[in-house]
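Note: hydrogens, waters and symmetry copies are ignored here, and every other heavy atom, side chains too, is used. Numbers restart at 1 for each chain; the letters A, B, ... are given by sequence-line order, proteins then strands.
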Number of protein chains: 2
Amino acid sequence: MIALFDEKLLTIKRFEPKTILVNEGSIPNEMFFIIKGCIRAWYNADGQDITLQFFFEGDPATSLESFLKNTPSTINIETLEECEVGILKKADFSDLLKTDPKIRELFYETAIDKLFIYSNRLLSLLKDKPFLRYQQLLAENPGIFQRIPQHYIASYLGVTPVSLSRIRNRK
Amino acid sequence: MIALFDEKLLTIKRFEPKTILVNEGSIPNEMFFIIKGCIRAWYNADGQDITLQFFFEGDPATSLESFLKNTPSTINIETLEECEVGILKKADFSDLLKTDPKIRELFYETAIDKLFIYSNRLLSLLKDKPFLRYQQLLAENPGIFQRIPQHYIASYLGVTPVSLSRIRNRK
DNA sequence: ATCCGTTCTTAACAATTGTTATCGTTGCAC
DNA sequence: GTGCAACGATAACAATTGTTAAGAACGGAT
């Protein structure tokens with residue numbers, strides 16, 4: 001996706017691990033495309049840290065809702081590893097959305113794809129038990145436990161870190 | 001939303017309760033707007049019936065995915081009560097999407113709204129316990145237990161019917 | 001009226017998960 | 001090096017949920 005944007009509009013930057021890119025309560029004015037590294041979106045539920053999504057190389061990382069509605073973000077976005085990202089300014093992106101039908105088309109397609117991803121994840125949370133969700137995650141992304149602290153994966157799967165540790169040591 | 005479509009494109013029809021409108025495996029060629037009654041979308045997971053969504057008066061009921069991608073539906077859609085619905089043919093809707101920018105705009109907005117609804121439901125499944133989800137559903141839709149069989153609501157909440165019955169009888 | 005299917009409740013038990021706490025390891029800062 | 005924070009494994013116990021089965025209430029069909 002990043003390849004579609006004019007290089008003049010993109011700023012390449014490096015971030016240390018655990019750098020907050022989008023802060024809960026603030027309105028983000030940038031969009032991040034991951035070139036190298038990984039990023040996590042999480043929700044603060046009264047101190048309880050809930051991982052909503054992991055982003056990897058090639059993924060765009062944003063709080064879509066606040067980006068679209070211009071409202072304060074309800075989620076936080078932070079780097080997990082040292083990251084190299086392409087940064088696109090919100091104003092530039094908005095211009096493109098208005099003027100470039102291809103970008104607009106692509107953007108809506110991306111949103112609709114995300115809709116299906118969410119709906120599948122919802123279904124999995126409704127029908128599958130944690131153990132099966134763990135196995136499926138491992139099948140989709142075998143290296144994830146080598147890249148991401150386990151307790152972040154736990155909340156992503158909807159279980160406690162203790163429970164995930166138990167699940168992993170099941171035969 | 002139904003008000004936006006030319007009346008000439010809409011067929012009004014009545015259906016008995018428990019009428020299947022969209023069948024898993026088939027490609028739907030109609031879109032249903034509920035005038036009166038309620039409808040349920042469900043997924044068949046190896047015989048296990050998982051309710052994904054309830055539709056009420058004013059809601060459009062479709063398998064969005066198969067409608068958009070022209071692929072066989074992975075879900076079933078059926079009436080729960082006697083229903084009066086406005087039916088829009090897929091071909092007519094596709095034409096409108098191409099020719100009418102307003103409809104297109106509205107359609108994408110609807111899709112994005114749905115994205116946020118899904119993302120909130122996802123978050124709730126990750127962070128809240130069944131009892132809290134039950135309370136929240138009741139707060140949003142106090143009459144739902146008077147309209148919809150409880151075991152359908154159970155799978156919508158991600159618990160078994162037995163568990164929901166217990167939850168409801170808690171103080 | 002009788003039969004049958006649907007729905008919900010309840011009970012008993014098994015399985016899983018949550019909670020809290022402890023401990024060992026690792027890596028980083030000083 | 002020492003100290004400290006982050007991370008994960010494990011244990012013990014509580015709480016919740018799942019599973020299976022039985023029974024009551026209701027409505028529709030015959």
Next item on the list: Of all the heavy-atom pairs spanning B:Thr71 and B:Ser66, show the shortest one and how long it is.
Entry: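 Looking at all heavy atoms of both residues, the closest pair is O-CB, 2.7 Å.
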To the nearest angstrom, how far is [X] atom [atom1] from [N] atom [atom2]?
| X | N | atom1 | atom2 | value |
| --- | --- | --- | --- | --- |
| B:Lys18 | C:dT7 | NZ | P | 5 Å |
| A:Tyr134 | D:dG8 | OH | P | 13 Å |
| B:Glu16 | D:dG28 | CD | C1' | 13 Å |
| A:Arg147 | D:dG8 | CZ | P | 16 Å |

Margin query: Is it the case that the side chains of B:Ser124 and B:Asp128 hold a donor-acceptor pair, with the cut-off being a distance below 3.5 Å and no angle test?
Written below: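 Looking only at side-chain atoms, B:Ser124 and B:Asp128 do form a donor-acceptor pair, the distance falling under 3.5 Å.
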Checklist line | Side-chain N,O (B:His151) to OP1/OP2 (C:dT6) below 4.0 Å | finding: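 Result: no.
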Next item on the list: Indicate whether OP1 or OP2 belonging to D:dA6 is found under 4.0 Å from a side-chain N or O atom of A:Gln150.
Entry: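 No, A:Gln150 has no side-chain N/O under 4.0 Å of OP1/OP2 on D:dA6.
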Check: Of all residues at least two apart in sequence or in a different chain, which pass the side chain to side chain donor-acceptor pair (under 3.5 Å) check with A:Thr51?
Finding: A:Arg40, A:Ser155
Item checked: A:Glu57 CD to A:Cys83 SG distance, which is reported to the nearest 0.5 Å ->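 Going from CD on A:Glu57 over to SG on A:Cys83, the span is 8.0 Å.
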Notebook entry, point to check: Under 30°, 30 to 60°, or over 60°: which ring-plane class applies to A:Phe54 and A:Tyr156, parallel, tilted or perpendicular?
Noted result: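 Answer is tilted, since the angle falls between 30° and 60°.
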Please write out each protein N/O paired with an N/O of nucleotides 22-24 of chain D under 3.5 Å, distance rounded to 0.1 Å.
none

Next item on the list: Report yes if some heavy atom in the side chain of A:Phe5 is under 4.5 Å from a heavy atom in the side chain of A:Ile103; otherwise report no.
Entry: yes
Note to self: A side-chain contact here means heavy atoms from C-beta on lying under 4.5 Å apart; do A:Leu132 and A:Lys127 qualify?
What the structure shows: no
Next item on the list: Taking the six-membered ring for Trp and the full ring for Phe, Tyr or His, determine whether the centres of A:Phe107 and A:Phe93 are under 6.0 Å apart.
Entry: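 Here the rings of A:Phe93 and A:Phe107 have centres that are less than 6.0 Å from each other.
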Item checked: Terminal helix-axis angle for the helix from C:dA1-D:dT30 to C:dC30-D:dG1, with five pairs defining each axis and rounding to 10 degrees -> 30°
Item checked: Which residues share a salt bridge (Lys or Arg N to Asp or Glu O under 4.0 Å) with A:Glu24, sequence neighbours left out ->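 Once residues adjacent in sequence are excluded, A:Glu24 has no partner under the salt bridge (Lys or Arg N to Asp or Glu O under 4.0 Å) criterion.
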Check: For A:Arg168, what residues pass the salt bridge (Lys or Arg N to Asp or Glu O under 4.0 Å) criterion, not counting sequence neighbours?
Finding: none
Next item on the list: Mind running side-chain contact (heavy atoms from CB on, under 4.5 Å) on A:Met31 and A:Lys90 for me, showing each step along the way?
Entry: CA-CA 7 Å; A:Met31 201 167 179; A:Lys90 184 174 182 173; over 6 Å; no
Taking only nitrogen or oxygen atoms into account, show me every contact under 3.5 Å that the protein makes with nucleotides 14-18 of chain D, one pair per line with its distance.
| unit_1 | atom_1 | unit_2 | atom_2 | d |
| --- | --- | --- | --- | --- |
| D:dT17 | OP2 | B:Arg170 | NH2 | 2.4 |
| D:dG18 | OP2 | B:Thr160 | N | 3.2 |
| D:dG18 | OP2 | B:Thr160 | OG1 | 3.1 |
| D:dG18 | OP2 | B:Ser163 | OG | 3.3 |
| D:dG18 | N7 | B:Arg166 | NH2 | 2.8 |
| D:dG18 | O6 | B:Arg166 | NH1 | 3.2 |

